[in-house]
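For the single chain, residues carry numbers from 1 onward in sequence order.
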Amino acid sequence: MAETPDFEQMWRDLAPVGRSASSGGYFRQPWASAETELRSWFAEACAARGLTVETDGIGNQVAWWSPDAASDAPGVLTGSHLDSVLDGGAYDGPLGVVSALAAVDRLRDRGFEPSRPLGIGVFVEEEGSRFGRACLGSRLVAGATTWDAARELRDRDGVFLADAVEAAGLDPSAGLLSLDRVGTFVELHVEQGRDLVDRDVAVGLASEIWPHGRWRFDFAGQANHAGSTRMEDRRDPMLTYAMTALAANKQARLAGQRATFGRIAVEPNGTNAVPSLVTAWLDARASSDDALAELVAAIERQADDRAGRDGTSLTVTAESVSGSVAFDPDLATRLAGLGDWPVIPTQAGHDAGILSDAGVPTAMVFVRNPTGVSHSPDEHAETADCLAGVEALADVLAELAGA
């Protein structure tokens, strides 16, 4: 078999795909050209390693390493995702996929052969950046949502999910990947925070994922002339939204939680018109399910009160809510002992959380992010830390697939 590219070469190969020339960020939306190119790259990288890739009807991929000596026991799956948020960083998702391929290379360099199947997987639409449902690919595979429900989702241009999938050359009727072969899942990910920086360590493991969700706030008012309408005669939903955004920030700070309005849509969206409708999406996260419910309820109460005083109206719709995820503590303790790695919580959602909820024993390996910045072109990880992550992942996979 020809020599396969190492971690650094694979990283260089991926660097230009979907990258914005102006911001340096990435636009790798699912079922669009850049993400399709990355899925092809993954298939070729697996083929170069003698792994055969299975692609399901919506683009989820998995490739298994199953030597003759491997048993029929449920296998160990690793991997992550290749899509990005809008104008995102390079590491969120792809680091886990490239590191998984490099970890397999390291295991082979060591002469290791798994005693059970070892797979590398890629889930589609993890970010929810196109169709608004985070971890959609893994949710479908895990049965947390159905294709009949998902197919009706629309992107910002009004394209149905079903049409986007078919336009990408995929056939949803071919079915989805099965978790029947998966006995354990391990996802490597760049840390989206500063815990490892503060601890001055390159690698850590996850203990839990904070509960989080997305809520759509529709603020309805009355369109009117921006010049001739007296200020006291206006029913301006933008004011209600603005006060709600400030309230969300204050409530989250007071509670030690997280709340962000990061996306809005305005109708009619004219410079010289009072808006008739402002739609804003709230991302909220908290340390417990109860704390999350209390945070969102507090924001909604203040928004509703403001709407009543502004002569506008408010409708709140929960679009997706994920409860708290506690990763298998025995598994985390066992793996942390391999490298004396800290076990830390994360406020970011991951496919690992979906598989954990589906009953798959799951662990996560984090790689230090020196700035703590993520979902941004400024997201970064040092090469030395990435290589430490590869070694750590190889050690974890050897522990799990060699048992």
Return the set of residues passing salt bridge (charged side-chain N to carboxylate O under 4.0 Å, His left out) with [X] (not counting sequence neighbours), or none when no residue passes.
{"X": "Asp330", "result": "none"}
{"X": "Asp305", "result": "Arg309"}
{"X": "Asp72", "result": "none"}
{"X": "Glu319", "result": "Arg133, Arg216"}

* Structure fact -> Contacts of Ser173 meeting side-chain hydrogen bond (donor to acceptor under 3.5 Å, both in side chains) (sequence neighbours excluded), chain-then-number -> Asp171

* Asked: Among all residues two or more places apart in sequence or in another chain, which pass the side-chain hydrogen bond (donor to acceptor under 3.5 Å, both in side chains) test with Asn369?
  -> Thr371

If we ignore hydrogens and angles and just use 3.5 Å, is the side chain of [X] paired with the main-chain N or O of [Y] as donor and acceptor?
{"X": "Gln192", "Y": "Ala348", "value": "no"}
{"X": "Glu125", "Y": "Phe131", "value": "yes"}
{"X": "Glu126", "Y": "Ala134", "value": "no"}
{"X": "Arg306", "Y": "Met243", "value": "no"}
{"X": "Glu399", "Y": "Leu338", "value": "no"}

* Do NZ/NE/NH1/NH2 and the carboxylate oxygens of Glu391 and Arg106 come within less than 4.0 Å? -> yes

* To do: Verify side-chain contact (heavy atoms from CB on, under 4.5 Å) between Ser322 and Arg139, making sure each step is shown before the conclusion.
  => CA-CA 11 Å; Ser322 299; Arg139 286 182 191 275; 2.7 Å; yes

